[in-house]
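The block underneath contains the structure these notes are about, expressed in structure tokens.
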Amino acid sequence: MAVLVSQIKLNDLFDSALAETAQRIMPLAVVEILNREDITQPQNIMSFAAHDEQLVYLVRDNLGKILLQSHNAEPTDFNQTLLEGFSSSTTHRFYGAWAVQNSLHIEVAELLIDRKEAIIELALSFLWPLLLLVPLCLSGTWILVRYSLRYIIAYRKSIESRGSGDLSPVNVNGLPTEILATAESVNNLLERLRRALEAERSFTANSAHELRTPIAIALAQIQRLQQEVPTGKARERAINVESSLRKLSDLSEKLMQLAKAEGGGLLSTEKHDLISLLKLIVDDKKRSSATSGLVIDMTLPKSGVFMSTIDPDAFAILVQNLLDNAIKHGTKNQPVVVGFSEQGELSIVNAAEVVPEEPLKQLRRRFVRANTSVQGSGLGLAIADAIATGIGASMTFNSP
Ligand SMILES: Nc1ncnc2c1ncn2[C@@H]1O[C@H](COP(=O)(O)OP(=O)(O)OP(=O)(O)O)[C@@H](O)[C@H]1O
Ligand SMILES: [Mg+2]
């Protein structure tokens with residue numbers, strides 16, 4: 001826009017200078033021509049020194065015969081008809097005027113290229129600072145926006161970096177007022193959520209814990225009763241009651257594990273060696289099921305140690321549940337292979353009937369079971385999943 005406006009204004013100025021020049025030269029030319037002895041002889045104006053002429057002119061009589069011309073003037077460049085006022089050719093801008101009762105005509109010409117150069121120089125002088133200013137403005141804006149968003153970025157990072165179990169309030173210091181209210185509401189919501197989850201967990205843990213003693217007492221009583229009643233229907237019933245009580249005991253144990261798995265504290269501040277822990281658990285399992293001819297193979301990394309901040313109790317619960325499953329749901333008389341890789345990948349493999357893809361996806365949900373012929377509550381994999389999520393690990397099932 002600036003270049004366009006300048007161009008129009010410059011053209012006006014150049015035009016008026018052109019007209020003014022023509023009118024100034026005309027009287028001088030008239031005097032000069034009339035003072036000649038032979039008016040009809042054309043004459044070149046001598047230049048004082050060689051110079052580039054921006055303006056050239058031609059004085060002609062009314063028949064078009066040249067009477068006077070500036071030293072650089074090229075008659076073919078000029079209009080061949082004698083015009084009055086402004087006109088243009090492809091290369092020149094002209095101004096023509098008549099004098100001495102329309103007997104003498106002057107035409108002043110100016111190269112159009114001069115005007116174009118002027119406009120181009122003008123446009124460039126606008127453009128250079130812009131080339132510098134535009135990136136400066138952009139980067140300045142970017143820095144400014146980034147600077148004013150720094151607390152929001154810190155807020156985002158603190159939300160991103162927390163684990164799924166962390167429901168503590170997020171630091172809202174320095175947040176702009178526009179989102180401060182939202183951030184505070186989010187904190188209130190987190191607090192309510194934390195309290196609700198806490199209440200649920202402590203209720204599960206407490207009730208499971210409270211159930212332990214009465215169940216243990218009932219078990220002891222029923223075992224004594226079994227000895228006391230004579231063989232027959234009554235003893236059978238007592239045996240059934242015992243098995244129900246054992247299921248109940250297992251269930252309360254699993255509920256307690258689930259409460260722990262879903263609570264915090266799955267990571268400890270110190271590092272522990274997971275491999276020695278794994279060996280301990282596997283040896284324990286081997287010993288407790290020595291009579292059944294169970295074979296557990298282990299493939300461990302060469303280094304023999306794997307230090308991790310995972311809470312040893314949580315790791316033990318995880319491994320126990322997975323190992324129990326492998327023993328319980330695996331084909332009998334087939335070895336179970338427990339592996340631990342250099343990268344900390346735990347794998348437990350057992351032979352079993354293929355579990356189709358659809359049920360396989362659902363197994364980690366609470367109380368979901370695929371193989372109903374074996375006893376169980378369907379909580380084992382839910383516990384394992386809660387622990388894996390809580391420690392930031394991932395768990396996958398493959399069958400086969
Ligand atoms: N290693 C495995 N091999 C074959 N099937 C398995 C294996 N682990 C789990 N499953 C299947 O997934 C189901 C869910 O397992 P989950 O551990 O959650 O429950 P459960 O073992 O039946 O009962 P719980 O562990 O609570 O006593 C099992 O019923 C079984 O059908
Ligand atoms: Mg299980």
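Whatever order the structure lists ligands and atoms in, that order sets their numbers, starting from 1. Owing to the predicted nature of the structure, the values given are computational and were not obtained by experimental measurement.
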Side chain or backbone, does [X] bring an N or O within less than 3.5 Å of an N or O on ligand 1?
{"X": "V355", "answer": "no"}
{"X": "L379", "answer": "yes"}
{"X": "L322", "answer": "no"}

*Would a 4.5 Å heavy-atom cut-off, applied to side chains only, mark L82 and E107 as touching?*
no
*Going by heavy atoms in the side chains, are D15 and R93 under 4.5 Å from each other?*
yes
Have a look at ligand 1 and work out which part of [X], if any, has a heavy atom under 4.0 Å from it: side chain, backbone, both or neither.
{"X": "N350", "value": "side chain"}
{"X": "V368", "value": "backbone"}
{"X": "K328", "value": "side chain"}
{"X": "K254", "value": "side chain"}

*Which atoms of ligand 1 are found less than 4.0 Å from any heavy atom of A326?*
1 (N)
*Between K302 and E342, is there a side-chain N and carboxylate O pair less than 4.0 Å apart?*
no
Which heavy atom of the protein is the closest neighbour of [atom], given with residue, atom name and distance?
{"atom": "atom 31 (O) of ligand 1", "answer": "N371 N, 2.7 Å"}
{"atom": "atom 22 (O) of ligand 1", "answer": "R369 NE, 2.6 Å"}
{"atom": "atom 11 (C) of ligand 1", "answer": "L363 CD1, 3.8 Å"}
{"atom": "atom 26 (O) of ligand 1", "answer": "S377 OG, 2.6 Å"}
{"atom": "atom 8 (N) of ligand 1", "answer": "N325 CB, 3.2 Å"}
{"atom": "atom 23 (O) of ligand 1", "answer": "G378 N, 2.9 Å"}
{"atom": "atom 16 (P) of ligand 1", "answer": "L381 N, 3.6 Å"}

Could you check whether [Y] and [X], counting side-chain N and O atoms only, form a donor-acceptor pair closer than 3.5 Å?
{"X": "D273", "Y": "S276", "answer": "yes"}
{"X": "D77", "Y": "S89", "answer": "no"}
{"X": "E110", "Y": "Q54", "answer": "no"}

*How far does CD1 of I153 sit from OG of S158, to the nearest 0.5 angstrom?*
12.5 Å
*Measure the CD1-CD1 distance between I222 and I215 for me, rounded to the nearest 0.5 Å.*
13.5 Å
*asked:* Ring centres under 6.0 Å, that's the criterion: do F86 and F94 meet it?
replied: no
*Identify the heavy atoms of Q69 and L58 that sit nearest to each other, and give their distance.*
CB-CD1, 3.3 Å
*Residue S377, metal the Mg ion (ligand 2), N/O/S under 2.8 Å*: no
*Within less than 4.0 angstrom of ligand 1, does G330 place any heavy atom?*
no
*Quick one: which of Q375, Q257, H329 has a heavy atom closest to atom 5 (N) of ligand 1?*
H329
*asked:* Atom CG of residue position N102 - does it have more than 12 heavy atoms of other residues, nucleotides or ligands inside 6.0 Å?
replied: yes
